[in-house]
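One structure below.
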Amino acid sequence: MTDDILMDIKRDYVLSRIRAGERIDGRKFDEFRPISVQTGIIEKAEGSALVKLGNTQVVVGVKMQIGEPFPDTPDRGIIITNAELVPLASPTFEPGPPDENSIELARVVDRGIRESEAINLEKLCIEEGEQVWMVFIDIHALDDDGNLMDASAMAAIAALMNTVVPAERFEVGEDFPLPVQDLPISITSLVVDDKLLVDPCRDEMSVGSNLMTITSDREGRVVAMQKSGSYLLPEEKFYELLELSVAKAREIREAVESQIAKGGRNGEDEES
Amino acid sequence: MTDDILMDIKRDYVLSRIRAGERIDGRKFDEFRPISVQTGIIEKAEGSALVKLGNTQVVVGVKMQIGEPFPDTPDRGIIITNAELVPLASPTFEPGPPDENSIELARVVDRGIRESEAINLEKLCIEEGEQVWMVFIDIHALDDDGNLMDASAMAAIAALMNTVVPAERFEVGEDFPLPVQDLPISITSLVVDDKLLVDPCRDEMSVGSNLMTITSDREGRVVAMQKSGSYLLPEEKFYELLELSVAKAREIREAVESQIAKGGRNGEDEES
Amino acid sequence: MTDDILMDIKRDYVLSRIRAGERIDGRKFDEFRPISVQTGIIEKAEGSALVKLGNTQVVVGVKMQIGEPFPDTPDRGIIITNAELVPLASPTFEPGPPDENSIELARVVDRGIRESEAINLEKLCIEEGEQVWMVFIDIHALDDDGNLMDASAMAAIAALMNTVVPAERFEVGEDFPLPVQDLPISITSLVVDDKLLVDPCRDEMSVGSNLMTITSDREGRVVAMQKSGSYLLPEEKFYELLELSVAKAREIREAVESQIAKGGRNGEDEES
Amino acid sequence: MEKPKLIVDGKRLDGRGFEELRPIKIEAGVLKRADGSCYLEMGKNKIIAAVYGPREVHPRHLQDPSKAVIRYRYNMAPFSVEERKKPGPDRRSVEISKVSREALEPVIMKELFPRSGIDVFVEVLQADAGTRTACLNAASVALIDAGVAMRGMITAVAVAKVDGQLVLDPMKEEDNYGEADVPIAFLIRNGRIEAIALLQMDGRLTLEETRRAIELAKKGVMQIYKLQREAIMRKYMREGEDYEGSAEAAEVAKELSENEGGSEKEGGQSEQEVKE
Amino acid sequence: MEKPKLIVDGKRLDGRGFEELRPIKIEAGVLKRADGSCYLEMGKNKIIAAVYGPREVHPRHLQDPSKAVIRYRYNMAPFSVEERKKPGPDRRSVEISKVSREALEPVIMKELFPRSGIDVFVEVLQADAGTRTACLNAASVALIDAGVAMRGMITAVAVAKVDGQLVLDPMKEEDNYGEADVPIAFLIRNGRIEAIALLQMDGRLTLEETRRAIELAKKGVMQIYKLQREAIMRKYMREGEDYEGSAEAAEVAKELSENEGGSEKEGGQSEQEVKE
Amino acid sequence: MEKPKLIVDGKRLDGRGFEELRPIKIEAGVLKRADGSCYLEMGKNKIIAAVYGPREVHPRHLQDPSKAVIRYRYNMAPFSVEERKKPGPDRRSVEISKVSREALEPVIMKELFPRSGIDVFVEVLQADAGTRTACLNAASVALIDAGVAMRGMITAVAVAKVDGQLVLDPMKEEDNYGEADVPIAFLIRNGRIEAIALLQMDGRLTLEETRRAIELAKKGVMQIYKLQREAIMRKYMREGEDYEGSAEAAEVAKELSENEGGSEKEGGQSEQEVKE
């Protein structure tokens, strides 16, 4: 009961600020929270990254295994993306098999990577029709302060860029870096009345979860879109989202790249 | 509450009619509802049939795959029968894994086909001990207005008679019709006091689900029986059921055969 | 409600007796209930035993299969221990997949057998890296009157000692007795205040389930320990448990051995 | 595998005649925790049944305000069969549990126990054909042992057709290679078969053979019924206690007092008669 | 498998033009047990949708005291695709069910049915690309057939990019080998497209192509919308009954009475207008 | 794989002495959503723990009217180990969760929070032997960070026997090829070890070795305990806030105010002392 009243008050407050042209944390409508990307934090994984988007934190680990290719793509590696919304990350997550939210999260992140052809899957063929590399991308949410989607997509591509294919351990040649050839960025916005708020934080989502995620590649092409949430989106708003998301992705891609370039293989401060 | 009262009234009405020697829909006690059998309605399946028994509707699709034979029958194909009581078909069905009712349905239909040797399994051996055809019979209920059992059994055998083994697609020779050599018919009756009502409709089952299913082959031999429902069946009633079911099966078999002969590969009116 | 009151009364009674230096069934604190071990009771299993510890009854069946070895132990057989706390055995057990109690039971029994090297796993290698024997130890509780742990551990080792490896059936040589080279005994005690009660019966556990299981081998070495239950164990009490358990295990081992020696392949009185 | 000859010189593989049962052993009251229990062997089948209840049903929305809710769980131990069985229910055991529960439900006086549950759990420790009927026989004795009021005894047996011949109580080879299998359970009351409680069949029988199979089953169950009653009597004598509530138990007790000179329970028995 | 050429001589593999839909067949009210239902074919897709409710929600803690709870279950029959599909939900069908439910939720007048549930179950009997949009079209008709009050019609279609060309309503080969797939659903009200209810995309499109894909989808849904309405009208005429509650149904009925001379329902229609 | 030599020239493979811990790093309060949290490294183990509660328990029938219900979930990330682990609980993690919960339950003042739930969730991001003890250490700090009242600190470590030698805090190779592994947790209160909270063992030890293993573990935990307290202090100083409720936190705070000149919290501390 008390919780409901608190939620109501929070929602009213958030809405009144938005209508006054402001966000509760002082950001501009098209402004992301501070981004931190640390790669290589899980030595036992073939690749890994911890992404912080404000207080939202996601770890992605990449593991490689050898398996059989799908019959219709005998010369291509396989991507398997999985998300666990472990109950550690939010009071609303419960232990158990993946629910529709974690499935959607994994599938939208997967589509961004797959459709941008971020991984050159042909280079992951070991023996056509027999053996190919399987890339397991495991998304592990640690703290859900909103927009797990974009944080997960960033952590996934950063972890992939950090991945070394363990060919020696599997006795199929020499280790080599995973061939990553694009850097898709997903931009999620919250639609509130006629306003679009990129990178919504948890408190902002008290007004509802009217979300749109648009992922684009280096060339500024759209590679994945997902309307998520029970709402109706006016057509003109969608075109606005489209422009905004592709432009914003360019900016965020630069930030991510510079963070990855800095290295970040710095176990010492990964939690500070 | 209201529902319970309505159920009570319905039951009392049905019972009073039965005791007066009548069925609520005017049928005779040993009369089936109108039967419609359409085959070949799912082009992507190796065989298929839609059966309507009054308002009860069931689709059965047959898919063929190649697999290993069971160790104790190295030269015989394999039948796998499965039923999904999808929630679309009845307000009482819930999403989820098969419950005891759908399992019983699948197993009784399976026994009728298996024990009548309707499929010549020896002709489904590709390489003894290595490769045989697996026949997947999937029962998909669409509308449960009573007696899903008989409708499913009819749809299953009709779909099998309609099945072409896709040997070419699997590169093991030329396509050939599934070798079907019998036409088992199951007859389900509702036992009410000393009356036996064949092909009970849903409303009739408001008096209870005291059912007996007896399946017989072309030669009039019994190939499967299943008492279903929490009730006690007097021995003499059983003998009556036995005669009734085998006689009735003859009549229904003819109806089914003539419907199949008519073709029914008529996508245009399959739902009309 | 009534149940709760009864439980309270029972607990108070048990406690008062313990504090008076007595156990409700008149046993000494370090005294086991009568032990009965019958082996070979399930002819279809490769080995089996029924153990009764007072009214507690457990059957263990051993089945052998051929499988691939683990990559890191290519020349050793595999032990798989599983426990089903079937609802038949206690009003508190429910049907369903193994819960934490049955998993703990299976794992602690498994550790006793594995760590004492009771089975010579090297002799279960058929072809290094390719084929080894898998030993399935299935614990099936029948009546839980307390201390299923020790009864299960006894039944497991007795069943293993009774096991014949069915090499002929699998066409890999001649049948031979499973090479068993130790006889681990687990001793479970209930900690009540400063008292230690070995082999607690169900009624005694009304005071709580503060348990410690210590398993030791023929040489008197500790091979497995498990504190089970939400309680704090004073260090000095632990040392007392240690001495007590290893000493007691010697005595129980003798009893078990003499029972096994007597045979017990006596289907006639296994339930009397 | 080649089908072996199942009948040689007019005898079955294990030397039995066509209408002969396998050796049967029944013992009531073998478990402490359960309210009622029974151990039963029939050939190499080894079955243990337990009954809990009438007891409270959780969660509450599963209760029936007008009568007891019956659960029946047929379960095979992993080591009960040649090839280890994965633990947990499969489709076969779900179907067997359903038809077995439906056989017992009309016989248990459910209306005497509103809002409560009666759980029948049966474990197959070793399987050798005819487990579902053996389990029902054990369950029936366990129910009476638990003092659950019943309209009579459920007694079950299978009939098979092997090498063209109907035989009673088939064992494994006859089940595997036979031409038909008919498991059947009857309600028996005051020593008279009153109705069919369970009936399944798979195989191929003429109408006439089907009728004869039922007749053969009836001969079989009367022998088993006698052994079920004797098991209850032995438990009764062992404990010197009254089995309350059940018509069957009351009847057994009466017989006991008449035939074997026991008398101290006569008053109790008439009460039970009334209860039923 | 080699990618085939998907456009030959300015035509698609099945002879269609770029902006041409596959043949569509819609029929409302095809099931007896469901409160509303619809059968729909779109190319080789064969879809059946059923609506149950508004009805009571069990268990109670799943109820919402202020509005109806909507469930949407997209399910593929095992035989609906080339390789038999294992029964039961997979990750793909869970995601489709989620976005489809979210498309319908803001359109259904949930607030009119507090504490109740409205269940939309859609079965794909045969799949041939575009099942999620075909299912939404069927679900929308089934909802109106069930008399569930709605703010308009949900109509959906997919657009694909194949061989560099945007095409409407891709069939299987175009879906498998195309460069992009955009399933999209609109709310249509009084014949006007009002908003986007579902939108997903995977593939690779420029901004400009994305915009054109939406425009192309809009052309497609207007044709489908007409067929949805006709299906409802046919059912309406068949039954001579009033479809209560739904704005869409009211509109259809009004049109019917105006265009086709039906008049006896006019009173009812204005009431419905008010209700909406 | 051949067993490597684990002790060379009196040193362990990673150069440690027999009674030396691996490097440890502990940080409290690392998550925003959780009520309390802790990040912990111990060698290559990387652990994150979160505490939610005391909070309401759903569904209600899981509530205990007299005390809080504790849940403990030990979970390994799929990428935490060499071979990818299938997500979700396995038998090992179920057992670890059980014994870990049982270690914390008698230490948490459950009776202060009737009808509520306290959830402890621990994720192993990277595993390198000794994860269950590392997790308990992190969980303990997270509980104090959440302000949950506790009777003291739970501090845990493992002892192993490798190449005949007892060693403290084994890393992966020592765990894999060692002769015994003894994970153990103690309740520490006011700087004194008071009791054993968790104790498991597998391997082979004489009685005397077992006793010495306990003694060795005691040395180890006193060092870890110090680091746990420091982590809490750092968080406390960072936030300048009071940790309410916990005896351990109160003690830390007192020490802090004495040793480091903080004084503004003294009133609050005595209150906490009373509370405990």
Side-chain angles (χ1 to χ4, degrees), chain B residues 4 70-74 80-83 97-108 110-117 182 184 191 208-217 219-239 241-243 245-247, chain D residues 1-3 65-66 70 72 82-83 89-108 110 151-152 154 161 176-177 179-187 189 193-211 213-215 217-218:
Chain B
D4 288 354
F70 292 121
D72 53 343
T73 53
I80 294 142
T81 307
N82 176 65
D99 66 353
E100 62 176 27
N101 294 307
S102 49
I103 288 171
E104 184 182 44
L105 175 64
R107 287 174 64 84
V108 174
D110 183 272
R111 285 203 280 268
I113 289 162
R114 190 180 299 274
E115 301 300 337
S116 69
E117 295 173 21
D182 206 319
V191 181
S209 55
N210 301 352
L211 299 169
M212 174 66 80
T213 298
I214 298 178
T215 308
S216 52
D217 67 8
E219 306 297 317
R221 288 172 301 200
V222 180
V223 294
M225 302 195 288
Q226 184 88 342
K227 173 182 169 293
S228 179
S230 303
Y231 71 107
L232 295 165
L233 176 68
E235 199 187 329
E236 60 281 10
K237 247 334 119 194
F238 168 65
Y239 295 129
L241 276 163
L242 206 53
E243 300 285 348
S245 303
V246 174
Chain D
M1 258 161 273
E2 198 84 344
K3 177 190 163 299
S66 67
I70 313 294
Y72 188 100
E82 195 76 32
E83 286 292 299
D90 53 14
R91 287 158 44 110
R92 178 178 165 276
S93 64
V94 168
E95 188 197 356
I96 291 178
S97 296
K98 175 184 189 287
V99 293
S100 301
R101 186 192 71 232
E102 291 177 345
L104 289 174
E105 276 181 324
V107 177
I108 295 171
K110 297 191 293 181
R151 293 190 169 77
I154 291 294
K161 183 177 169 192
N176 286 353
Y177 301 105
E179 296 118 62
D181 184 36
V182 189
I184 181 161
F186 295 96
L187 164 65
R189 188 168 160 150
I193 290 177
E194 297 221 335
I196 297 170
L198 173 143
L199 177 59
Q200 297 180 284
M201 181 267 190
D202 65 277
R204 217 171 212 174
L205 292 179
T206 63
L207 280 185
E208 179 50 28
E209 284 170 335
T210 309
R211 275 186 218 100
I214 306 296
E215 290 301 333
K218 285 164 68 179

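All chains are named by letter (A, B, ...) in the order of the sequence lines, taking the proteins before the strands, and each is independently numbered beginning at 1.
Annotation: side chain of B:Ile103 is not in contact with side chain of D:Lys98 (no heavy-atom distance under 4.5 Å). Residues B:Gln226 and D:Glu95 are in side-chain contact: their nearest non-hydrogen atoms beyond the backbone lie under 4.5 Å apart. Side-chain atoms of D:Arg211 and B:Leu242, non-hydrogen and from C-beta on, do get closer than 4.5 Å to each other. At a threshold of 4.5 Å between non-hydrogen side-chain atoms, the residues B:Arg111 and D:Met201 do not count as touching. In this structure, B:Leu232 and D:Glu194 have side chains that are not in contact, with every pair of non-hydrogen atoms separated by 4.5 Å or more. Inter-residue side-chain proximity for B:Asn82 and D:Arg91 is flagged as met; some heavy-atom pair is nearer than 4.5 Å.
Heavy atoms closer than 4.5 Å to chain B are found in both the backbone and the side chain of D:Leu199. Proximity to chain D (any heavy atom under 4.5 Å) is shown, for B:Val223, by both the backbone and the side chain. Using a 4.5 Å cut-off between heavy atoms, B:Tyr231 touches chain D through its backbone atoms (N, CA, C, O) alone.
For the pair B:Lys227 and D:Ile196, the tightest heavy-atom approach, listed with the atom from each and the gap, is CE-O, 3.7 Å. Nearest heavy atom pair, residue B:Ser230 against residue D:Pro106, reads C-CG, 3.9 Å.
Screening D:Thr210, D:Leu207, D:Ile214 for a side chain to side chain contact (heavy atoms under 4.5 Å, CB included) involving B:Tyr239 leaves a single residue, D:Ile214.
We find the CD-CD1 distance between B:Glu235 and D:Ile193 to be 7.0 Å, quoted to the nearest 0.5 Å. The line from CD of B:Glu115 to CG of D:Asp181 is 9.0 Å long, rounded to the nearest 0.5 Å.
Salt-bridge annotation for B:Arg221 and D:Glu179: absent, with no side-chain N of the basic residue lying under 4.0 Å from a carboxylate O of the acidic one.
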> What's the verdict on side-chain contact (heavy atoms from CB on, under 4.5 Å) for D:Gln200 and B:Arg107, showing C-alpha distance, side-chain angles and the deciding distance?
Replying inline: CA-CA 11 Å; D:Gln200 297 180 284; B:Arg107 287 174 64 84; over 6 Å; no

> Can D:Arg204 and B:Glu219 be said to form a salt bridge (charged side-chain N to carboxylate O under 4.0 Å, His left out), step by step?
Replying inline: CA-CA 10 Å; D:Arg204 217 171 212 174; B:Glu219 306 297 317; over 6 Å; no

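For the set D:Ala103, D:Gly203, D:Ala195, the count of heavy-atom pairs under 4.5 angstrom toward chain B peaks at D:Gly203.
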